[in-house]
Amino acid sequence: MFTILVINPGSTSTKIALYRDEKEVFAENLFHTAEVIAKYPNIAGQFDFRQQAIEGILAQNNITLSEIDCFVGRGGLLRPIPSGTYRVNDAMLQDLHAGVMGEHASNLGAILAQKLADLHRKPAFIVDPVVVDEMEPLARLSGHPLLPRKSIFHALNHKAVGRKAAQQLGREYDQVNLIITHLGGGISIAAHQQGRV
């Protein structure tokens, strides 16, 4: 049995969940007011605040970091990549710290996961980061040839909902066509065509 901690930093919240294999043990959603977020000059400045919040929730639930087998963070603004699961590496962390593709709270997902994993020499991963790029050429048209559309959306939620919807239809995700909307601190809408967005 694997114990997995999932960390999802968003613009107004930090969500964490603990799983034993595929069974959710607990989930917490910490909301952050605009006043709290405004105390920090940038996203990177929120690191200690969010790490302490995560460790506090784990302590409240009598979970020690040493019993966690792997840590999974929300993938941030990396260079465009296909959907999937990626092990956190040094190049990824450098890009997220530098904000090479922009600054967003999701950048902290991999950084927090790796920091907590390092404390006990465990692996850290990201899944379906916000920069998942599976766009067809037509979807890149913006109205000006020098300004192609970039793929940045709530891929983690979209892909999860797509898989769940396909399961409810009795089919595989790569066999269905869906339109999926994410409504949260941000909003994104995407057409999913047989497993690609």
- Quick one: list whatever passes salt bridge (Lys or Arg N to Asp or Glu O under 4.0 Å) with E67, sequence neighbours left out. R20
- For R140, which residues count as a salt bridge (Lys or Arg N to Asp or Glu O under 4.0 Å) partner, sequence neighbours excluded? D133
- Message: Around atom CZ of R79, are there more than 12 heavy atoms from other residues, nucleotides or ligands closer than 6.0 Å?
- Response: no
- Message: Quick check: do V130 and S106 have side-chain heavy atoms less than 4.5 Å from each other?
- Response: yes
- Message: Please report whether the ring centroid of H158 lies less than 6.0 Å from that of F153.
- Response: yes
- Is any side-chain heavy atom of L108 closer than 4.5 Å to a side-chain heavy atom of Q46? yes
Please table the atom pairs, donor to acceptor, closer than 3.5 Å between any side-chain atom in residues 161-170 and protein atoms at least two apart or in another chain.
unit_1, atom_1, unit_2, atom_2, d
R163, NH1, D128, OD2, 3.4
R163, NH2, D128, OD2, 3.4

- Taking every heavy atom of M92 against every heavy atom of A110, the minimum-distance pair comes out as SD-CB, 4.3 Å
- Message: Surrounding CD of E24 (heavy atoms of other residues, nucleotides or ligands, distance under 6.0 Å), is the total greater than 12?
- Response: yes
- Message: Using side-chain heavy atoms (C-beta onward) and a distance below 4.5 Å, is C70 in contact with K122?
- Response: no
- Message: Please check this pair: side chain of D95 against backbone of L78, looking for a donor-acceptor N/O pair closer than 3.5 Å.
- Response: no
- Message: Measuring centre to centre across the rings, with the benzene-like ring taken for any Trp, is Y86 within less than 6.0 Å of F125?
- Response: no
- Check: S83/E134 side-chain N/O donor and acceptor closer than 3.5 Å: yes
- Task: Specify whether H182 and H154 have parallel, tilted or perpendicular ring planes, treating 30° as the upper limit for parallel and 60° as the lower limit for perpendicular.
- Result: parallel
- Okay, side chain of N177, backbone of Q194: is any donor-acceptor separation there less than 3.5 Å? yes
- Where the side chain of N89 meets the backbone of A91, is there a donor-acceptor pair that is under 3.5 Å apart? yes
